Amino acid sequence: IWEGIKKPEERKKFDPLNNLVLLGLGLATSIDALVIGLSFGFLDVQIIYPVLIIGITTFIVAVVGIFIGGKLQKSINLRIEIFGGFVLIGIGIKILIQHLTN
């Protein structure tokens, strides 16, 4: 949200191909994959079907997100960082409420 509120000249230029950014994203993705792999190992399930479904779904959602993001960036002056921040806060509040009520 903070990045979306800043004026364009105050923002740092984000380079997604920066080695440090790629290392951080790779590490986060690897931790996520490790946890999912351990979960499937404990469940003793066939791994091929979940991997195919997760891979295809991730690919489709990423492509649709890139397409929609490109169209929105060109057509509307939309601060997507603010919207994304509120979505993440909403998800966090939902998880917190679920855990507090159980």
Side-chain angles (χ1 to χ4, degrees):
I1 294 173
W2 182 248
E3 286 295 318
I5 294 172
K6 287 182 183 178
K7 295 177 183 174
E9 59 271 3
E10 294 175 351
R11 294 183 190 187
K12 287 184 179 179
K13 180 72 176 161
F14 177 71
D15 180 14
L17 299 178
N18 179 314
N19 289 336
L20 194 57
V21 171
L22 290 174
L23 181 66
L25 290 172
L27 182 64
T29 304
S30 299
I31 291 169
D32 184 49
L34 174 69
V35 171
I36 297 300
L38 287 172
S39 300
F40 282 141
F42 287 131
L43 293 174
D44 195 33
V45 295
Q46 290 283 335
I47 195 75
I48 190 69
Y49 298 114
V51 166
L52 286 174
I53 292 170
I54 292 169
I56 291 169
T57 303
T58 302
F59 176 77
I60 291 170
V61 171
V63 168
V64 168
I66 291 170
F67 179 74
I68 292 173
K71 293 288 183 185
L72 286 177
Q73 181 184 15
K74 291 177 183 174
S75 64
I76 327 173
N77 187 10
L78 179 65
R79 297 277 175 113
I80 203 69
E81 296 95 350
I82 297 172
F83 175 73
F86 281 118
V87 168
L88 289 174
I89 289 171
I91 292 170
I93 290 171
K94 177 186 176 285
I95 292 170
L96 179 65
I97 290 171
Q98 280 180 328
H99 283 39
L100 291 177
T101 58
N102 286 338

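Treat the numbers as computed from the prediction; the structure is a model and nothing was measured.
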Inset, instruction - Could you work out the complete set of other residues in the hydrophobic cluster of Leu20, with links drawn between I, L, V, M, F, W and Y side chains under 4.5 Å apart? - result: none

Inset, instruction - Could you tell me which residues satisfy side-chain contact (heavy atoms from CB on, under 4.5 Å) with Leu34, sequence neighbours excluded, listed by chain and number? - result: Leu38

Inset, instruction - Compare every heavy atom of Leu17 with every heavy atom of Leu22, then report the nearest pair and how far apart it is. - result: CD1-O, 3.7 Å

Legend entry - CD (Gln46) with more than 12 external heavy atoms under 6.0 Å: no

Legend entry - CG on Leu96 to CD1 on Ile89, rounded to 0.5 Å: 13.0 Å

Legend entry - Non-neighbouring partners of Val61 that pass side-chain contact (heavy atoms from CB on, under 4.5 Å), sequence neighbours left out: Thr57

Inset, instruction - Would you mind listing the cluster partners of Ile66? Hydrophobic ones only (ILVMFWY), side-chain contacts under 4.5 Å, chaining allowed. - result: none

Legend entry - Residues clustering with Val51 (ILVMFWY side chains joined when closer than 4.5 Å, directly or via others): Ile36, Phe40, Leu43, Val45, Ile47, Ile54

Legend entry - Any residue meeting side-chain contact (heavy atoms from CB on, under 4.5 Å) with Ile91, in chain and number order, not counting sequence neighbours: Val87, Ile95

